[in-house]
There are 2 protein chains.
Amino acid sequence: MGVQFECELTEGGALLTSDERFKKARADNAAEAAADYVELIQDLIDEFGEARATDLATHMGVSHVTVSKGLQRLVKNGLVTYRPYRSIFLTEKGRDLARDARERHVVVLQFLLALGVPNLVAEQDAEGMEHHLSPETMAAFSKYLESARAASDVPKN
Amino acid sequence: MGVQFECELTEGGALLTSDERFKKARADNAAEAAADYVELIQDLIDEFGEARATDLATHMGVSHVTVSKGLQRLVKNGLVTYRPYRSIFLTEKGRDLARDARERHVVVLQFLLALGVPNLVAEQDAEGMEHHLSPETMAAFSKYLESARAASDVPKN
DNA sequence: TTAAACATGTAGCCTAAGCTAAATATTGAG
DNA sequence: CTCAATATTTAGCTTAGGCTACATGTTTAA
Ligand SMILES: [Mn+2]
Ligand SMILES: [Mn+2]
Ligand SMILES: [Mn+2]
Ligand SMILES: [Mn+2]
């Protein structure tokens with residue numbers, strides 16, 4: 001499986017590549033829910049000391065039933081532990097994913113703001129984009145962010 | 001339905017917003033497949049004069065069965081027409097969506113390249129990101145692209 | 001003109017994510 | 001201590017998007 005038919009180098013350098021891009025995008029989509037869950041769980045823990053299913057439902061705009069099933073999936077995937085009617089904990093793996101998710105979220109958001117995108121819109125776009133950024137693109141965003149800060153932040157010197 | 005509980009303005013300007021972001025991201029994900037289909041169909045028509053189901057399967061890296069069902073959904077949503085064993089056509093609505101999808105694809109890709117992201121990676125990230133950009137962010141990307149071009153393209157003057 | 005190769009469709013299965021309605025567990029006021 | 005409010009789970013349904021195996025239609029080369 002994988003690149004079975006190289007690239008179809010369409011002379012014009014046009015867009016006729018192979019399946020890889022699409023597969024990657026689909027995989028990213030599948031991982032999206034998990035990342036959003038653990039990120040939010042960590043946020044709730046940081047702000048309120050604990051995360052409960054109801055809070056997740058409220059903040060994600062889904063029913064509590066959806067959250068319940070979602071949590072069962074997270075447990076199955078080793079990202080979360082919890083006992084019925086108790087608060088939710090992240091596993092080591094869950095915390096790692098949450099940290100990564102938060103990092104992305106912040107970088108993407110700051111980047112969009114630096115580009116001049118209005119706050120609310122930037123929040124929305126970041127929520128979707130954050131799941132589709134390679135390390136290289138993350139690095140490029142960060143780099144831009146730094147130079148943008150350098151240019152405006154310290155007009156001294 | 002919608003913003004039922006305004007924003008929970010967490011003093012620190014932190015990330016405790018409400019459900020809207022997540023809902024939008026989910027909707028964008030749902031629309032993603034359709035956009036990718038019509039974009040690819042238009043690309044194939046432009047390059048080869050027609051689009052067939054097999055080609056779609058090959059290029060998207062899914063089985064022909066998945067494409068068959070996908071096409072039925074597209075028909076149901078008024079984006080495509082086709083007769084069994086014949087080539088695939090976009091409706092007016094389908095062409096509009098394809099045009100929009102291509103525009104986004106190009107802008108996002110060019111933007112990432114301008115930021116210094118390597119070609120292959122940029123292709124991949126663009127394939128996912130392109131579905132999560134508001135008009136505002138698109139505009140910001142375009143603007144950046146123009147200024148970047150102005151800075152390097154015409155060193156004269 | 002017919003058989004093989006190729007393209008498309010159908011049957012039937014799966015998982016993720018969503019939902020409502022209904023059952024059950026926990027918490028908290030009186 | 002008990003009953004109501006709140007939280008959680010379960011049952012059972014939906015749609016999108018995948019899949020394999022198999023059936024059927026179309027093209028093409030002998
Ligand atoms: Mn997100
Ligand atoms: Mn996020
Ligand atoms: Mn795409
Ligand atoms: Mn695209």
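Because the structure is a prediction, the values reported are computed rather than measured. Per chain, numbering begins at 1; letters A, B, ... match sequence-line order. Below, all heavy atoms of this structure are taken into account, side chains as well, without hydrogens, waters or symmetry copies.
When rounded to the nearest whole Å, the span between NZ of Lys23(A) and C1' of dG18(D) equals 12 Å. For the pair His64(A) NE2 and dA22(C) P, the computed distance is 13 Å after rounding to whole Å. Rounded to whole Å, atom P of dA7(C) lies 14 Å from atom CG of Leu44(B). Computed from coordinates, the Gln72(A) CD to dT15(C) P distance equals 14 Å when rounded to whole Å. In this structure, Glu50(A) places its CD atom 9 Å from P of dT8(D), rounding to the nearest Å. The CG atom of Asp36(A) sits 15 Å away from the C1' atom of dG18(C) (whole-angstrom rounding). Rounded to whole angstrom, the span from the CG atom of Leu71(A) across to the P atom of dT8(D) amounts to 9 Å. dT8(D) atom C1' lies 11 Å from atom CD1 of Ile88(A), rounded to whole Å.
If you find the closest nucleotide of DNA chain C to Arg86(A) and to Lys69(A), the one lying nearer the 5' end belongs to Lys69(A). Looking at which nucleotide of DNA chain D each of Pro84(A) and Pro84(B) is closest to, the 5′-most match is held by Pro84(A). Along DNA chain D, the nucleotide nearest to Arg73(B) and the one nearest to Arg52(B) differ in position, and the one closer to the 5' end is contacted by Arg73(B).
Proximity of Arg26(B) to the phosphate of dA17(C): no side-chain N or O atom is located under 4.0 Å from OP1 or OP2. For the OP1/OP2 pair of dG17(D) and a distance below 4.0 Å, the side-chain nitrogens and oxygens of Thr66(B) include no atom meeting the criterion. Residue Lys76(B) has a polar side-chain atom (N or O) positioned under 4.0 Å from OP1 or OP2 of dA16(D). Contact annotation: Ser68(B) reaches the phosphate of dG9(C) (side-chain N/O to OP1 or OP2, under 4.0 Å). Note on Ser63(A): a side-chain N or O is less than 4.0 Å away from OP1 or OP2 of dC19(C).
Residues Ser134(A) and Gln124(B) fail the side-chain proximity criterion, which asks for heavy atoms closer than 4.5 Å.
Note on Val62(B): only backbone sugar-phosphate atoms sit closer than 4.0 angstrom, heavy atoms only; bases stay farther off. Contacts of Tyr82(B) with the nucleic acid, taken as non-hydrogen atoms under 4.0 Å apart, involve only primed sugar atoms and P, OP1 or OP2. Within 4.0 Å of Thr54(A), counting heavy atoms only, lie sugar-phosphate atoms of the nucleic acid but no base atom.
One finds a salt bridge joining Glu92(B) and Arg95(B) here, because a Lys/Arg side-chain nitrogen approaches an Asp/Glu carboxylate oxygen to under 4.0 Å. At a threshold of 4.0 Å, the pair Arg99(B)-Asp96(B) counts as salt-bridged, since one of the basic side-chain nitrogens sits closer than that to a carboxylate oxygen. Under a 4.0 Å N-O distance rule, the pair Asp36(A)/Arg26(B) does not qualify as a salt bridge.
The heavy-atom pair separating Val108(B) from Met129(B) by the smallest distance is CG1-CE, 4.1 Å.
Contact of Tyr85(B) with dT26(D) (side chain to base): no donor-acceptor pair of N or O atoms is detected under 3.5 Å.
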